[in-house]
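Only one structure is covered here, and it is reproduced in the block below.
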2 protein chains.
Amino acid sequence: MSIRNPKQALYEQFATVAKALGNPQRLELIEHLGQGPRSVDLLAMKLGLPIANVSQHLQSMRRAGLVSAERDGKFVNYRLADESVLAAFASIRTVAERHLAEVDRIVRGYFDARDDMEPVAREDLVQRMRDGLVTVLDVRPPDEFARGHVPGAINVPLGDLESRLQEIDPALEVVAYCRGPWCVMSFEAVAALRARGISARRLEDGLPEWKAAGMPVEITA
Amino acid sequence: MSIRNPKQALYEQFATVAKALGNPQRLELIEHLGQGPRSVDLLAMKLGLPIANVSQHLQSMRRAGLVSAERDGKFVNYRLADESVLAAFASIRTVAERHLAEVDRIVRGYFDARDDMEPVAREDLVQRMRDGLVTVLDVRPPDEFARGHVPGAINVPLGDLESRLQEIDPALEVVAYCRGPWCVMSFEAVAALRARGISARRLEDGLPEWKAAGMPVEITA
DNA sequence: ACATCATTCAACGTAATTATTGAATGACAA
DNA sequence: TTGTCATTCAATAATTACGTTGAATGATGT
């Protein structure tokens, strides 16, 4: 565009990407697209937003290099540009979890709303797995699951949970986890399972902490 | 604050962080703060911006949890909240590098032949230093050099390069670095050296990344 | 007390972002 | 062709972000 100094120009490009991530609706879109390609109106339904609105958000994300679009009949399927977009989201979430007191406050409010959401400690989980008392549920997208997960866990991404309920033994308690202590997906999973009468709790934190604590990690070849 | 659903509220918090990263000036501030704590007016001088402007940017970054401030006499020193902020910056940069053609265009504007500007990996540099094959050149200003640099590096700020060419052994290859992977100064240094027939390449990234990778750092007393 | 210096605040105008609406486009099927 | 459906475009109004200015605050030293 301009013949400005390239340093500034590069920072502007980086800022473009960050700006595209700087909107709650777009982040929610990314989380959905993290599960796979989706059409505009399906996303609009999931978010409960007007289609035109979602379309505009997706287009601004495409301009920023976050997603790509491909026409399929009368649908347009958007998908994440690659896994680096999820990585960027994850790193932003990490900053927020560590440094925004508000995040902590919101999560605590969530706890209170759901009376018995006592998380399961790592050691407890190991014991209960050994005793065959629990189903361990990894609700992250498959690519993240493939790169490392709690041994014996089954992978049902949050978006697929409803359609794959039959894979879960209703006689056992479910322990769900995802990316981190305040990762929303595991909250949602627990809420969804309880709504269907399945006993469920969250692991006290996510896979990064599990790994950091020196616990075993299984990798899908 | 609001009695909205907590999922939305969390996304808003994450968006707050991304939004704070979504401005070229603030990204440049982060790159400077990646080297260590800095006062407001020092940063203002480095960026060539009004102090009030920089102060406001820093405050918005503090509200987003990216930096913290600490008073020291009549100065206020800002520092990055922790290394996760640099990680977030890096991941955004990765997305931009991979998916924004404009980034590629800007970088090519600096170097005609991309194959020539293959950067040197950290491990390679260590090996080549051990073998006495390279001169490591830190092209940042002296104050930044003094607060930490690659052991054995010589400090020749970009502006002094022409007048201090005799300090560089033309028999060895030069590896230049500065503040980060896209810090322009090292690009310019490499171009200047090559124009004078000295073999030169860039280190793959800058000092903050070097430090973050657990590599040794030398500090001038 | 007073002056000085670094930083922040407050107020302003301009520009960019956002959601909303209704019309336009493009693909498909009858 | 015509109608239908998914998506995009264009225009709008409301909100928020940005940089600039000059005054206010807070710490230091005389």
Side-chain angles (χ1 to χ4, degrees), chain A residues 1-2 4 8-9 11-30 32-33 37-64 66-79, chain B residues 1-2 4 8-9 11-30 32-33 37-79 143:
Chain A
M1 244 160 250
S2 50
R4 217 166 336 126
Q8 202 91 6
Y11 281 124
E12 266 169 42
Q13 296 302 309
F14 302 153
T16 297
V17 173
K19 218 174 285 185
L21 291 167
N23 173 282
Q25 274 79 14
R26 288 198 289 269
L27 289 179
E28 194 169 356
L29 286 171
I30 288 175
H32 278 277
L33 291 172
R38 297 285 129 104
S39 70
V40 179
D41 76 339
L42 196 149
L43 290 167
M45 276 204 293
K46 290 268 182 193
L47 303 219
L49 291 176
I51 294 179
N53 190 345
V54 170
S55 173
Q56 286 182 176
H57 277 308
L58 289 168
Q59 283 174 72
S60 73
M61 287 164 78
R62 191 177 48 184
R63 264 178 263 125
L66 264 47
V67 304
S68 63
E70 187 182 301
R71 181 135 219 158
D72 174 27
K74 44 180 165 179
F75 292 84
V76 175
N77 286 321
Y78 281 83
R79 70 180 67 219
Chain B
M1 231 159 246
S2 49
R4 216 164 340 126
Q8 199 94 2
Y11 281 125
E12 267 170 40
Q13 295 302 310
F14 302 153
T16 298
V17 172
K19 217 173 286 185
L21 291 167
N23 174 282
Q25 274 78 15
R26 289 198 288 268
L27 289 179
E28 194 169 357
L29 286 170
I30 287 175
H32 279 275
L33 291 171
R38 297 285 129 106
S39 70
V40 178
D41 75 340
L42 196 149
L43 289 167
M45 276 203 295
K46 293 269 182 190
L47 301 218
L49 291 175
I51 294 180
N53 190 345
V54 170
S55 173
Q56 286 183 176
H57 278 308
L58 289 167
Q59 283 174 72
S60 73
M61 287 163 78
R62 191 177 48 183
R63 264 178 263 124
L66 264 46
V67 303
S68 62
E70 187 182 303
R71 182 136 219 155
D72 174 25
K74 43 181 168 180
F75 292 84
V76 174
N77 287 320
Y78 281 83
R79 71 180 66 219
D143 61 312

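Naming convention: chains lettered A, B, ... in sequence-line order (proteins, then strands); numbering from 1 in each chain.
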Check whether any side-chain heavy atom of B/M61 lies under 4.5 Å from a side-chain heavy atom of B/L29, and answer yes or no. yes
With a 4.0 Å cutoff (strictly under), does any side-chain N or O of A/Y78 reach OP1 or OP2 of D/dA6? no
Sorted by position of nearest nucleotide on DNA chain C, 5' first, the leading residue of B/L58 and A/P50 is B/L58
Checking D/dC18, D/dG22, D/dA27 against the side chain of B/A52 (C-beta onward), the nearest is D/dG22
By nearest-nucleotide position on DNA chain D, the 5'-leaning member of A/K74 and B/H57 is A/K74
Winner on side-chain proximity to B/R26, out of D/dC18, D/dG26, D/dT7, is D/dC18
B/L21 atom CG is separated from D/dA17 atom C1', nearest whole Å, by 15 Å
Residues passing the side-chain contact (heavy atoms from CB on, under 4.5 Å) test with A/K46, sequence neighbours excluded, are A/H32, A/L42
note: A/E12, atom CD; C/dA16, atom P; distance rounded to Å ~ 11 Å
Among the nucleotides D/dT7, C/dT7, D/dG19, whichever has the atom closest to the side chain of A/V40 is D/dT7
Checking D/dT7, C/dT18, C/dT7 against the side chain of A/N23 (C-beta onward), the nearest is C/dT18
* Do A/S55 side-chain atoms and A/I51 backbone N/O form a donor-acceptor pair below 3.5 Å? -> no
_Just to be sure I understand the rule, does A/S39 reach a base, reach only the sugar-phosphate, or reach nothing, if contact means heavy atoms closer than 4.0 Å?_
sugar-phosphate
Under 4.0 Å, heavy atoms only, any strand: does A/Q59 hit a base, just the sugar-phosphate, or nothing? sugar-phosphate
Of the listed D/dT8, C/dC5, C/dT8, the closest approach to the A/I51 side chain comes from D/dT8
B/N53 has its side chain closest, among D/dG19, D/dA6, C/dC5, to D/dG19
Rounded to whole Å, the CG-P distance (B/D72 to C/dT7) equals 10 Å
query: Within a strict 4.5 Å, meaning less than it, do heavy atoms of the B/L43 and B/L33 side chains meet?
result: yes
When rounded to whole Å, the CD to P distance for the pair B/E70 and D/dA27 reads 14 Å
The nucleotide from D/dA11, D/dT20, C/dT18 with an atom nearest the side chain of A/Q56 is D/dA11
Requested in this report: Quick one: label B/Q25 by what it contacts on the DNA or RNA (base, sugar-phosphate, nothing), any heavy atom closer than 4.0 Å.
Outcome: sugar-phosphate
Exercise. Do side-chain atoms of A/R71 reach the backbone of A/G73 as a donor and acceptor pair under 3.5 angstrom?
Worked result: yes
When rounded to whole Å, the CG to P distance for the pair A/N77 and D/dT8 reads 11 Å
Between CG of B/L43 and C1' of C/dA6 the distance, given in whole Å, is 13 Å
From the candidates D/dC5, D/dT7, D/dG26, the one with an atom nearest any side-chain atom of A/S55 is D/dT7
